[in-house]
Amino acid sequence: MSTFSRTTVTAALIYANGPIHIGHLAGCYLPADIYVRFLRLQKKDVIFVSGTDEHGVPITIKAQKEGKTPQEVVDYYYKEIKSSFEDFGISFDFYGRTSDPVHHQFSQDFFLKLYNEGKFVEETTMQYFDESANQFLADRYITGDCPSCKQSGAYGDQCEKCGTTLSPNELLNPKSMLSGASPVLKPTKNWFLPLDKWQGELTKYIDLHPEWKPNVLGQVKSWLQEGLKPRAMTRDLNWGVPIPLPDTEGKVLYVWFDAPIGYMSMTTQLTPDWEKYWKAKDSQIVHFIGKDNIVFHCLIFPAMCMAHGEFQLADQVPANEFMNLEGDKISTSRNWAVWLHEYLQDFPGKQDVLRYTLTSLSPETKDADFTWADFQTKNNSELVAILGNFVNRAFVLIDKNFDSQVPVKCIESSLESDLMLALKDIPAKLDAALAGFKFRDALVNAMEIARLGNKYLAETEPWKVIKEDRAQAGSILNFAVQLVAQAAIALEPFLPFTSHTLREALGMSDYSWTHIGDFEIIPAGRSLKNPGLLFDKIEDDVIQVQIDKLNQTKNLMELALKTVPMVKDTIEFDDFAKMDIRIGEIVAAEKMEKSKKLLKLKVNDGIKTRTILSGIAEYFKPEEVIGKQVSFLANLAPRKMMGLESEGMILMAEDADGSLAFVQPDKKIWNGATVN
RNA sequence: GGCGGGGUAGCUCAGAUGGUUAGAGCGUUGGAUUCAUAACCCAAAGGUCGGCAGUUCGAUUCUGCUCCCCGCUACCA
């Protein structure tokens, strides 16, 4: 990596339909920020760009729901997201947005170049069009009856009832989910990037990077193995970057086409010198992303760049896994998250505490779990007890005994040489960890400086030495001050706010990464300004408030789940009379092989024994249902599941938690009794 | 059932192309100390590295089988 003259760092463009939570931070923004700060401290040429992705169907849906225009929705979230990042100290050089005219122009130019050079394949297909909403419908916005099981509620891409994979044209009675109207088929032209043609080049490219993380390579290789297929780079939609070709009204660039181009268009807004960051061979390009973005950054975007021809490909794509919260997956829709803007309100001035916790729990190799208890422990046992305490000891001792001025250093003893020996390896370890994107490990190494400081003070005991040898005690404190200064530098990427406070207190104006391990940073005689306590203890009640908040969310969600569903549309008696519900006895039951949910039941219906397959295996063992009298739908059309025919359906009542109960007669009754 | 990821100290996690006493932080226990936010420092306890079998002079590390957890997915008419 030392051969690169400059580095271009990007962090994933976040979708502008919701606020930022800790999962986003841990996934890519925090690691990216740490990496960038590390490079800047080394005085490297580096730029850091990111922004919001503001196009695509979900934003139009959200706007429609809220009665706003898409632009209003993205304006709101762009502002909120940008300011949260700023408050949190994510040090973007430029934070842009894909609805910016500059971006539109740039991605249109990109598209046109590919178009003019014949890099796309044009294809006209018949797509469903909603005339009242005046737009083409994405597969999952069409619903209808399944051609295979004849049931309603199937989606354009799949019937969830019987599992058949569908294309929208196969649906019977298709309905638009936007307006409920029946859509009509209309021909539409789209442009595809033939990824299959780039498969060889892409494979070569990936083979050049055996050093990429296993999770990244694993996913990329499995896609290559299955064989890449052409992918549409345009969509029929009104919200997005318009296709820069005649007669293409109502068509826009696919979000995953224009979004990564955003990295470049944003760079053009940062510096007129932008080209070298994307075109020069000696530029290192690093994309920080979450694991859900791997395919786009490692295959599709590189293929686009290859087709374009002028841009360099990514050198590193350090993708993180996901961060969970208190054991559960973070979910925006379930409001199961710690929102950054709320954290900043609840914990003012404590950005570094969250930065520290998230970094030390970072999901670098596997999904991780954030708990408030961990947050409290990290703060109290590490930030307060190790770092804050060491800094405070050094300042208090100097304030009390040396009138806040850095004392002079004198002869070193073996304790000092031990200290310097212990510190010697730290810069190299830090460098290796940071350059290898092992931020967890790097943080531990940076904190080691403060640990060594506490140890040094305990061993030298300047508060005792001062009584007999003032010069010697002063010398010890000089060493301690140099350690504080080194910690301020080494921790800057992780704890920028704390580092800033320390640098002010120590009067450091000129500093760089190479000063770690240097014991001449702060000259003797300089007046220090005690910064006070760097970190406060976080008490149980503060943590409890946060946990209560989450539990409340959980309860609300459970309550929402328990809400009694609306009564369905009124039916006539004749409709009801069609159903033949009867009582029968389960005489045999066994688990279906190869199925998690299905139980194979033999039911005595008074006439014969019929086979009914029922999806209750998760709640009932075969032996506990034998002998039960249950109600079942007797005239349901037989249906094959897992290769066996089911003759009827057992009626089950579903409890609020999803568990099931049989609908049974309240006394023993004859098998075959009808239910009316 | 299929695909992917994982099972290493009380907790959160490192690690090993197979080789002498398997690591870190937090937590626990004991000691020391008082400059410091009951903080710091020292020490100890604590692991048959999910289970079984195989390959090997030797496996926690390789192979096979198996159990458990997480995600996606199929099956709940």
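All chains are named by letter (A, B, ...) in the order of the sequence lines, taking the proteins before the strands, and each is independently numbered beginning at 1.
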Checklist entry - Given the rule in the side-chain contact (heavy atoms from CB on, under 4.5 Å) test, do A/Leu651 and A/Val630 qualify, once you have shown the distances and angles that lead to the verdict? => result CA-CA 8 Å; A/Leu651 301 186; A/Val630 299; over 6 Å; no
Checklist entry - side-chain contact (heavy atoms from CB on, under 4.5 Å) between A/Val465 and A/Gln472: does it pass, once the steps are laid out? => result CA-CA 7 Å; A/Val465 175; A/Gln472 179 66 33; 3.7 Å; yes
Item to check | Nearest-angstrom distance, P atom, B/G4 to B/U66 | outcome: 16 Å
Checklist entry - Ion pair present between A/Asp352 and A/Lys350, side-chain N to carboxylate O less than 4.0 angstrom? => result no
Item to check | Separation between the P atoms of B/U20 and B/G5, rounded to whole Å | outcome: 29 Å
Item to check | Closest contact, heavy atoms only, A/Pro363 versus A/Phe322 | outcome: CB-O, 3.5 Å
Item to check | Contact list for residues 452-479 of chain A, test ring pair (Phe, Tyr, Trp, His ring centres under 6.0 Å), sequence neighbours left out | outcome: A/Phe479-A/Phe519
Checklist outcome for this item: B/A44 -> Watson-Crick or G-U wobble partner, both distances under 3.5 Å, gives B/U28
Checklist entry - Picking from B/U37, B/C26, B/C35, which would you name as closest to the side chain of A/Ile386? => result B/C26
Next on the checklist: Distance check, C1' atoms only: B/C68 and B/U8, in whole angstrom units.
Outcome noted: 16 Å
Checklist entry - Expressed in whole Å, how much space separates the C1' atoms belonging to B/A59 and B/G51? => result 15 Å
Checklist entry - Starting at the 5' end of RNA chain B, which residue's closest nucleotide do you reach first, A/Glu461 or A/Ala385? => result A/Glu461
Item to check | Integer-rounded Å distance: B/U37 P and A/Phe395 CZ | outcome: 15 Å
Checklist entry - Roughly, in whole Å, what's the span from CG in A/Asn454 to C1' in B/A39? => result 9 Å
Item to check | B/G18 to B/U60 separation - P atoms, rounded to the nearest Å | outcome: 13 Å
Strictly under 3.5 Å: I want the nitrogen or oxygen pairs between protein and nucleotides 7-14 of chain B, one per line.
unit_1 : atom_1 : unit_2   : atom_2 : d
B/A14  : OP1    : A/Thr365 : OG1    : 2.1
B/A14  : OP2    : A/Lys366 : NZ     : 3.4

Item to check | Whole-Å distance separating the NZ atom of A/Lys464 from the P atom of B/A36 | outcome: 14 Å
Next on the checklist: With a 3.5 Å limit on both atom pairs, tell me what B/A36 is paired to, counting Watson-Crick and G-U wobble, or say none.
Outcome noted: none
Checklist entry - If you measure from the P atom in B/U63 to the same atom in B/A45, how many Å do you get, rounded? => result 35 Å
Item to check | Verdict with supporting geometry, A/Leu599 and A/Glu590, side-chain contact (heavy atoms from CB on, under 4.5 Å) | outcome: CA-CA 6 Å; A/Leu599 234 42; A/Glu590 61 181 282; over 6 Å; no
Checklist entry - Which part of the nucleic acid, if any, lies within contact of A/Val384, taking any heavy atom under 4.0 Å across all strands shown: a base, the sugar-phosphate backbone alone, or nothing? => result base
Checklist outcome for this item: Here the distance between atom C1' of B/G25 and atom CZ of A/Phe375, to the nearest Å, is 18 Å
Next on the checklist: Does the plane of the ring in A/Trp256 sit parallel, tilted or perpendicular to the ring in A/Phe296? Use 30° and 60° as the thresholds.
Outcome noted: parallel
Next on the checklist: Using the rule given for side chain to side chain donor-acceptor pair (under 3.5 Å), can you reason through A/Thr611 versus A/Lys602, listing the C-alpha separation, both sets of side-chain angles and the distance that settles it, and then say yes or no?
Outcome noted: CA-CA 5 Å; A/Thr611 302; A/Lys602 297 278 187 193; 3.2 Å; yes
Checklist outcome for this item: For A/Asp374 and A/Asp369 the tightest heavy-atom approach is OD2-O, 4.0 Å
Next on the checklist: Angle between ring planes, A/Phe370 versus A/Phe375, binned at 30° and 60°: parallel, tilted or perpendicular?
Outcome noted: tilted
Checklist entry - In whole angstroms, how far is the C1' atom of B/A38 from the CG atom of A/Asn392? => result 15 Å
Checklist entry - Between A/Arg451 and B/C26, does any side-chain N or O lie under 4.0 Å from OP1 or OP2? => result yes
Item to check | Closest nucleotide among B/C42, B/C40, B/G25 to the A/Glu382 side chain | outcome: B/G25
Checklist entry - Over how many whole Å does the gap from A/Leu598 atom CG to B/C75 atom P extend? => result 10 Å
Checklist entry - So A/Phe288 and A/Phe437, would you call those rings parallel, tilted or perpendicular, with 30° and 60° as cut-offs? => result perpendicular
Checklist outcome for this item: Between CG of A/Leu415 and P of B/C41 the distance, given in whole Å, is 15 Å
Checklist entry - Quick one: on RNA chain B, does A/Leu457 or A/Asn324 contact a more 5' nucleotide (nearest heavy atom)? => result A/Leu457
Item to check | Interatomic distance at P, B/U61 relative to B/A53, whole Å | outcome: 13 Å
Checklist entry - Who is the Watson-Crick or G-U wobble partner of B/G71, with both distances under 3.5 Å? => result B/C3
Checklist outcome for this item: Taken to the nearest whole Å, CG/A/Leu443 to P/B/G25 is 13 Å
Next on the checklist: Any salt bridge linking A/Glu647 with A/Lys608? Criterion: basic side-chain nitrogen under 4.0 Å from a carboxylate oxygen.
Outcome noted: yes
Checklist outcome for this item: Side-chain contact check for A/Lys400: nearest option of B/A77, B/A36, B/A39 is B/A36
Item to check | Sorted by number, the residues of residues 533-540 of chain A with heavy-atom contact under 4.0 Å to RNA chain B | outcome: A/Leu533, A/Leu534, A/Phe535, A/Lys537
Item to check | Nearest-angstrom distance, P atom, B/C49 to B/C62 | outcome: 14 Å
Item to check | Minimum-distance nucleotide to A/Lys455 side chain [options: B/C40, B/C76, B/C42] | outcome: B/C42
Checklist entry - Paired with B/A22: which nucleotide, if any, by Watson-Crick or G-U wobble criteria at under 3.5 Å for both distances? => result none
